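Keep in mind that the numbers below use all heavy atoms, side chains included, and drop hydrogens, waters and symmetry copies. Just so it is clear, the structure is predicted and the values come from calculations on it, not from any experiment.
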Amino acid sequence: MPHIDVELERLREKLLEMWDLVDYQLTSGRDAMMNADHELSQRIIKLERKVNSFDIKIDRMCENFFALFTPVAVDLRAVLAILKINTNLERIGDTAEGMARFVCKLDRPFDPELVELTKVLVMYDEALAMFRECRTAFVKDDPKHAKQIIKMDKALNKIYRKSDVVIAKYLQANPDRIPEGLALLSIIKKLERVGDQVTNMAEEIIFYREAKVVKHRRKKKKKE
Amino acid sequence: MTNSEKNRLKDKAFQVFGVFCTFIGLVVLAIFLIDIVIEGVARIDWDFLTSLPSRRAARAGILTAWAGTLWILVLSAIIAFPLGIAAGIYLEEYAKKTKLSNFLEINIANLAGVPSIIYGLLGLELFVRIMNLGGILLAGALTLSLLILPIVIVTTREAIKAVPRTIRDGSFALGASKWQTVWHQVLPASFGGILTGVILALSRAVGEAAPLIVIGALAYVPFVPRSPMDEFTVLPIQIFNWTSRPQAAFLTNAAAAIIILLLITFLLNGIAVYLRHRQQKKIKW
Amino acid sequence: MRVQEKIIEGLLWLSAAITILITVSIIWVLLSESVKFFSEVSIVRFLTEKEWTPLFAEKKFGIMPLVAGTFLTTVIAIAVALPIGLTIAIYLNEYAHARFKTFIKPLLEVLATIPTVVYGFFALTVVTPFLQSFIPGLAGFNALSAGIVMGIMIIPMISSLSEDAISAVPRSLREAAYGMGSTRLQTAFGVMVPAASSGILVSVILAISRAVGETMIVAIAAGQQPRLTLNPLVPIETITTYIVQVSLGDVPHGSLEYRTIFAAGMTLFVFTFLLNNLSFWIKKKYQEKYD
Amino acid sequence: MTKKYSKLEAINLDAYYGDFHALKGINIAMEEKAVTAFIGPSGCGKSTFLRTFNRMNDYIDGFRIEGQILLDGRDIYEKDIRVDELRKEVGMVFQKPNPFPKSIYENVVYGLKIQGIKDKKILQEACETSLQQAAIWDEVKDKLDKSALALSGGQQQRLCIARALAIQPSVILMDEPASALDPISSAKIEELIYDLKKDYTIVIVTHNMQQAGRVSDHTAFFYMGELVEYAKTKTMFTSPKDTRTQNYITGRFG
C-alpha cells in the first residue's frame with residue numbers, strides 16, 4: 001500500500017476510535033437519562049476530556065498530513081472531511097456532556113407521561129441511529145447512505161418543533177414539574193443539535209466521495 | 001535594380017559558387033579515381049598480386065609490397081596501441097590539472113603536427129643507426145608507431161571523454177577502485193570509439209611512404225619478409241618507385257598498385273565509419 | 001590491491017611520458033647532427049648562399065632554394081585550398097540543409113584519407129599534362145601542379161576546421177544579423193567570418209604547416225632541382241624532397257651529405273613547430289574569448 | 001525516551017573547494033534505519049555534504065575537509081580507512097539513473113564481482129534478492145541478460161538502487177534520486193525508499209520539498225554552506241524555528 005494510504009488509514013482509524021468514544025457517551029447518556037443515573041453521567045462528563053484530547057490529536061495529525069503529503073484531489077477532500085468530522089464529533093461529545101450535566105441535576109427519572117408526550121425517546125433513538133449510520137457510511141465510504149442520513153434529520157426536526165408546545169401544555173397541567181420540563185426541553189434542543197451535526201458529517205462524507213457540496217442547499221430550496 | 005535585389009542576386013550567386021566548391025574537390029577526386037581505374041584495373045590479376053618485383057614492368061608484381069604493408073600494419077598496431085591507449089587513459093582519467101599534464105597535452109598536439117618525414121629522420125638515427133637495426137621491418141614499424149601514437153592518444157581521449165561522468169561515479173560508489181572503474185566500465189564503454197580512432201590511425205600508417213624511405217626501406221626487395229628483422233618494402237614506396245620511372249608500363253603498374261592501396265585505405269576507413277555509426281546507435285546516454 | 005593500483009598508474013604515466021621522450025629525441029637527433037653540420041658549414045653560409053648543391057663536386061649549402069621551393073608549393077596549395085575550403089565551410093553552415101551536411105562531410109573527409117603518394121601520381125600523370133595543354137611553358141616537373149593537388153588534399157582540413165569555428169559563433173549573433181534584414185551572404189561575411197576569424201586563421205595555419213611538411217606529392221611531381229625562384233612553371237625542390245632524394249641515394253653515415261638532411265630537417269621542424277604553436281596560441285586566446 | 005542510535009555523525013565539519021568554503025561547521029547526527037532528508041537551495045552544500053559520507057569528493061581537485069565524519073562512531077577520513085571498503089558500507093544512488101551499458105544482471109552483480117566474488121550461485125542469488133528489494137524483480141526477471149539501457153528511466157533508477165543494495169551496505173546515500181524522473185516513476189522511488197528504511201539508514205538530498213515531507217523522518221535545511229535547522233520532518237514542515245527555513249519551505253525565498 002502506498003505510504004500516503006497508510007498514513008490516511010491511520011488517520012481514519014484514529015477518527016473511528018474517537019467516533020466510538022462519542023458513541024459510548026451518547027448511548028450511555030440515554031440510559032443515564034432514563035434512570036437518572038448520576039454516576040453514569042459523571043463518567044460521561046469525565047470522558048469529555050478524553051474526547052478533547054482526541055480532537056487535538058486528530059487536528060495535529062491532519063496538520064502533519066497536509067504539511068508532509070501535500071494531498072490533492074480525493075486525498076485532499078478526505079483529510080478536509082476528517083478534519084471537519086473531527087470538529088463535529090467533538091461538538092457531539094460536548095452535547096452529550098451537556099445532557100449528562102442536566103441528568104446530574106435530576107433527583108428522579110423523567111415522568112413517563114412527559115417522555116411519552118414529547119417523544120424524546122423516539123428522538124434520542126433516531127439521533128443515535130443517525131449517528132451510527134453515519135459511522136457506517138464513513139467506514140464504507142458510501143455517499144448514498146450518507147444522503148439517507150440527511151433525510152433522517154427531518155424526523156428529529158419535526159419532534160423538536162412540536163416539543164415546546166407539548167412541554168408548555170404539560171407544564172401548565174403540572175406546574176410543580178417545571179425544572180424537570182425545562183431540563184427535558186434543553187435535552188431535546190441538544191438532540192436536535194446532534195442531528196444537525198450528524199447531518200454536517202454526512203455532508204462531509206458526500207463531499208469527500210463525490211466532490212459535491214450539499215450543505216446549505218436545502219435552505220436555498222426552502223427559500224424558493 | 002534596387003540595392004536589395006542586388007544583394008539577393010549576390011546571395012544566390014554565392015550559393016551556386018558554394019555548391020561548385022563543395023563538389024569541385026569531389027569531382028576532381030572522381031576524375032582521378034576513374035583515370036586510375038581505367039589505367040590500372042586491367043593490370044590487376046593474380047600474377048600481379050603474387051609476383052615478386054622485377055626490372056621488367058610486365059613481369060613485376062606487388063607481393064613483397066603488400067606483404068610488407070601488412071607486416072607494418074600489424075607491427076605498428078602491436079607497438080602503438082597499448083602505448084597510445086595507456087597514455088590516453090592516463091591523461092584523461094589519472095592526470096591532475098598540473099603544469100606537467102598541461103605540458104604533456106601541448107607536447108602531444110605538437111607531435112601530431114610534426115611532418116612525417118621528421119619521424120623518418122628520428123627513426124633513421126634512433127632505430128637504424130643507434131640501435132643498429134638497419135632498414136628492417138621492426139625499425140619501420142617502430143617509426144610509424146611513433147608517428148601514429150599522437151593520433152591514437154588523441155582519439156582514445158576523445159572516446160573516453162564521451163563516457164559520462166555518472167558512469168564513473170556509479171562504479172566508484174560501488175567500491176570500485178580507479179583501475180577497476182577504467183577496466184570494467186570506461187574502456188568497454190569507449191571501446192568502439194577507441195577502435196575507430198585506432199583504425200583511422202592505421203589507415204594513416206598504410207599510406208605513409210616518406211618516413212620509411214628515410215629509414216632506408218628499399219624499393220627492390222626480392223623476397224617476402226618472414227620476420228620483423230627482414231628488409232622490406234611497402235605499397236606506397238613501390239608506387240613511388242614505379243611512378244619515378246620514365247617507362248609508361250611502370251606507370252600502369254603504379255596505377256594498379258594504387259588501386260590496391262586505395263582499397264586497403266578505404267576498407268580501413270569504411271570499417272572505422274561503420275564502427276562509429278554502430279557505436280552511436282548502440283549507446284545513447 | 002593498493003600496490004597494484006599504484007603500479008598500473010605508474011605504467012600508464014610512463015606511456016604518457018614516452019611522448020615527451022619522443023619530442024626530446026626528435027630535437028636531440030636533429031640538433032646533434034645539425035650541430036656537427038654547422039661546425040663544418042657556417043650558419044651564415046647556410047642562410048645566405050643562393051645555391052644548394054651538397055651532392056655535387058662543388059658543394060654549396062644555401063638553404064634558401066629549398067625554402068623557396070617549399071614556400072612556392074605551399075602558397076599555391078593555400079591559394080587553392082583557402083577560397084574553396086572557406087566557401088565550403090560557409091556554404092555548409094549558412095546555406096546547406098542539415099541532411100546534405102551530414103552526407104557531404106564524410107565524403108570530403110575522403111580527400112584527406114587518400115595516401116599522399118597517390119596524390120603525387122595524380123599530379124604527375126593527370127594534372128601536369130592537363131595544365132600543359134594550355135600553359136605551353138610548363139615543365140614536366142613543376143611547382144604548380146604539385147601545389148594545386150596539395151591544395152585539393154588540404155581542402156577538408158580548412159573546410160572542417162573553419163566550419164567548426166563558424167558554427168561555434170553564438171547563435172544570437174547570427175540571429176541578430178538576420179533580424180536586421182541581412183542576406184545569408186551578408187551575414188556570413190559581415191558577421192560570421194569576422195567572428196570566427198581566429199578559428200579560421202587556426203585552420204589556415206595548420207594547413208600551411210601540413211603543406212610545408214608534405215613530402216610525397218612534391219617528391220613525385222615538383223622535381224628535384226633546387227633553385228631560388230618563384231616561377232611555378234619550372235622544376236624546383238622542397239626541403240622534404242631533398243631529404244627523400246638523399247635517402248634514396250647511398251650516402252654514407254657520418255658524411256657531410258648525410259648531415260645535410262638533418263640540417264634541412266631541423267629547418268623544417270622549426271617552421272612547423274612555430275606554425276603549430278602559433279595556432280595553439282591563437283586557439284587558446286580565442287577559446288577564452290567565448291567562454 | 002531513549003536516545004536512538006546515531007549511525008552517521010558529522011562533527012565540526014568544514015569543507016573547501018580550493019578557496020571556496022563549501023560547508024561551515026556542520027554538526028549533525030543521523031538516526032539508524034530512518035530517512036534523513038537534506039534540503040536547501042542550489043549550491044547550499046547539501047550534495048557536497050552527502051558526498052563526504054562515501055568520500056566521493058576525494059577525486060575532486062582542491063577539495064579538502066576539516067572535522068570528522070563518523071560512521072558507527074568511526075572517523076571515515078582516518079588514514080587507515082580504505083575507501084573501497086567504506087563504499088561497500090555506504091551505497092549511493094545518483095540524480096540521473098546511471099546504469100552501466102551492460103546487461104541488467106551484470107549491473108547488479110558488478111559491485112560483487114569487483115570484490116572478487118566469482119561463484120555463479122552467490123551472484124545469481126544476490127541479483128534476485130536485490131532486484132526484489134528494489135521492487136523491480138517482476139519487471140525484469142525475464143530479461144536479465146538484456147541491456148540495462150533498454151529500461152525506462154524509472155526502471156533504470158530502481159535498477160541502480162538494486163545495484164547499490166547488492167553489496168549489502170548499511171547506509172544508502174541518494175542524491176536527488178527522483179528528480180530526473182516522471183511523477184509516476186518518482187512516486188515508485190519514494191515508495192521504495194519508504195520500504196527500504198526498515199533495513200537501511202537512508203540519507204537523501206532533494207530539491208522537492210514535498211518529497212522530503214513524504215519520505216523523510218528528519219530534515220536538515222542547508223543554506224550557504226551552513227546547517228540552518230535540523231529537526232523531525234513533521235516539526236520542520238509545520239513549525240520551523242528559523243525564518244530562513246520558513247521562507248524556503250514556503251517558497252518565499254528572497
Item checked: Which of B/I239, B/I106, B/L104 touches chain C most, by non-hydrogen pairs under 4.5 Å -> B/L104
Next item on the list: Could you walk me through whether B/S101 and B/K96 pass the side chain to side chain contact (heavy atoms under 4.5 Å, CB included) test, one step at a time?
Entry: CA-CA 7 Å; B/S101 70; B/K96 299 226 164 65; over 6 Å; no
Notebook entry, point to check: Using a cut-off of under 4.5 Å for heavy-atom pairs, which of B/A109, B/P82, B/A95 has the most such pairs with chain C?
Noted result: B/A109
Item checked: Spacing of C/I114 atom CD1 and B/S203 atom OG [to the nearest 0.5 Å] -> 11.0 Å
Notebook entry, point to check: Quick one: of C/V126, C/L92, C/I22, who has the most non-hydrogen atom pairs under 4.5 Å with chain B?
Noted result: C/I22
Margin query: Do B/T69 and B/P236 make a side-chain contact, defined as non-hydrogen atoms from C-beta onward lying under 4.5 Å apart?
Written below: yes
Note to self: With chain C as the partner, which of B/L262, B/L268, B/L91, B/V273 has the greatest number of non-hydrogen pairs under 4.5 Å?
What the structure shows: B/L262
Item checked: Top of C/I152, C/I220, C/I155 for chain B proximity - count of heavy-atom pairs under 4.5 angstrom -> C/I220
Next item on the list: With a 4.5 Å heavy-atom cut-off (strictly below), which parts of residues 146-154 of chain B touch chain C? List them by number.
Entry: B/L146, B/L149, B/I153
Next item on the list: Check the angle between the aromatic planes of B/F32 and C/F122 and answer parallel, tilted or perpendicular using the 30° and 60° thresholds.
Entry: tilted
Notebook entry, point to check: Heavy-atom count around C/F130 CZ within 6.0 Å, excluding the residue itself: above 12?
Noted result: no
Item checked: Exceeds 12 heavy-atom contacts within 6.0 angstrom, atom CZ of B/F20 -> no
Next item on the list: To the nearest 0.5 Å, tell me how far C/S34 OG sits from C/I27 CD1.
Entry: 11.5 Å
Notebook entry, point to check: Should the pair B/E105-B/R157 be classified as a salt bridge under the 4.0 Å nitrogen-to-oxygen rule?
Noted result: yes
Note to self: With a 4.5 Å cut-off on side-chain heavy atoms, are C/L31 and C/W28 touching?
What the structure shows: no
Item checked: Selection from B/L100, B/L124, B/I215 maximising heavy-atom pairs under 4.5 Å formed with chain C -> B/L124
Validation: residues 114-123 of chain B side-chain donor-acceptor distances under 3.5 Å, sequence neighbours left out:
| from | atom 1 | to | atom 2 | distance (Å) |
| --- | --- | --- | --- | --- |
| B/S116 | OG | B/E208 | OE1 | 3.3 |
| B/Y119 | OH | B/L111 | O | 2.8 |

Item checked: Interface residue of largest heavy-atom contact number with chain B, from C/T215, C/V29, C/T19, C/L206, under 4.5 Å -> C/T19
Note to self: Given heavy-atom pairs under 4.5 angstrom as the criterion, report whether the side chain, backbone, both or neither of B/A255 touches chain C.
What the structure shows: both
Note to self: Between B/N110 and chain C, with a heavy-atom cut-off of 4.5 Å, which part of the residue counts as in contact: side chain, backbone, both or neither?
What the structure shows: both
Notebook entry, point to check: Which region of B/T243, side chain (C-beta onward) or backbone (N, CA, C, O), has a non-hydrogen atom less than 4.5 Å from a non-hydrogen atom of chain C, or is it both or neither?
Noted result: both
Check: Which answer fits C/Y258, side chain, backbone, both or neither, if we ask what part of it has an atom under 4.5 Å from a heavy atom of chain B?
Finding: side chain
Note to self: B/F14 vs C/Y91, test: ring pair (Phe, Tyr, Trp, His ring centres under 6.0 Å). Steps then yes/no.
What the structure shows: CA-CA 8 Å; B/F14 184 80; C/Y91 176 75; 7.8 Å; no
Notebook entry, point to check: Side chain, backbone, both or neither: which part of C/F280 has a non-hydrogen atom closer than 4.5 Å to chain B?
Noted result: side chain
Next item on the list: Against chain C, label B/I130 side chain, backbone, both or neither, depending on which of its atoms sit under 4.5 Å from a heavy atom there.
Entry: side chain
Check: At a heavy-atom separation under 4.5 Å, does C/I18 approach chain B through its side chain, its backbone, both, or neither?
Finding: side chain
Item checked: Side chain / backbone / both / neither for B/F266 at chain C, heavy atoms under 4.5 Å -> side chain
Check: Heavy-atom distance under 4.5 Å to chain C: side chain of B/L83, backbone, both or neither?
Finding: both
Item checked: Residue pair C/E5, B/S177: steps toward the side-chain hydrogen bond (donor to acceptor under 3.5 Å, both in side chains) verdict -> CA-CA 8 Å; C/E5 288 278 323; B/S177 67; 2.4 Å; yes
Item checked: Listed partners of C/H97 passing ring pair (Phe, Tyr, Trp, His ring centres under 6.0 Å), at least two apart -> none
Check: Is it the case that more than 12 heavy atoms not belonging to C/F100 sit under 6.0 Å from its CZ atom?
Finding: yes
Check: Does any heavy atom of chain C fall under 4.5 Å from the side chain of B/L200, the backbone, both, or neither of them?
Finding: neither
Checklist line | Proximity breakdown for C/E33 and chain B, heavy-atom pairs closer than 4.5 Å | finding: side chain
Checklist line | Sequence-distant partners of B/W183, ring pair (Phe, Tyr, Trp, His ring centres under 6.0 Å), two or more places apart | finding: B/W179
Margin query: For C/T272 and C/S209: C-alpha separation, side-chain torsions, deciding distance, then whether side-chain hydrogen bond (donor to acceptor under 3.5 Å, both in side chains) applies.
Written below: CA-CA 5 Å; C/T272 55; C/S209 165; 5.2 Å; no
Item checked: Residue part contacting chain C, namely of B/L235, when any heavy atom lies under 4.5 Å -> neither
Next item on the list: Could you tell me which portion of C/L124 (side chain, backbone, both or neither) has an atom closer than 4.5 angstrom to a non-hydrogen atom of chain B?
Entry: side chain
Note to self: What part of C/L30 gets within 4.5 angstrom of chain B, counting heavy atoms only: side chain, backbone, both, or neither?
What the structure shows: side chain
Notebook entry, point to check: For C/I26, is it the side chain, the backbone, both, or neither that has a heavy atom closer than 4.5 Å to a heavy atom of chain B?
Noted result: both
Checklist line | Interatomic distance, C/T113 atom OG1 to B/R204 atom CZ [nearest 0.5 angstrom] | finding: 12.0 Å
Note to self: Can you tell me which portion of B/N7 sits under 4.5 Å from chain C's heavy atoms? Options are side chain, backbone, both or neither.
What the structure shows: both
Margin query: Could you check whether C/E163 pairs with C/K105 (Lys NZ or Arg NE/NH1/NH2 to Asp/Glu carboxylate O, under 4.0 Å)?
Written below: yes
Notebook entry, point to check: C/I104 versus chain B, heavy atoms under 4.5 Å apart: side chain, backbone, both or neither?
Noted result: side chain
Next item on the list: With a 4.5 angstrom heavy-atom cut-off, could you sort out which part of C/T23 is near chain B: side chain, backbone, both or neither?
Entry: both
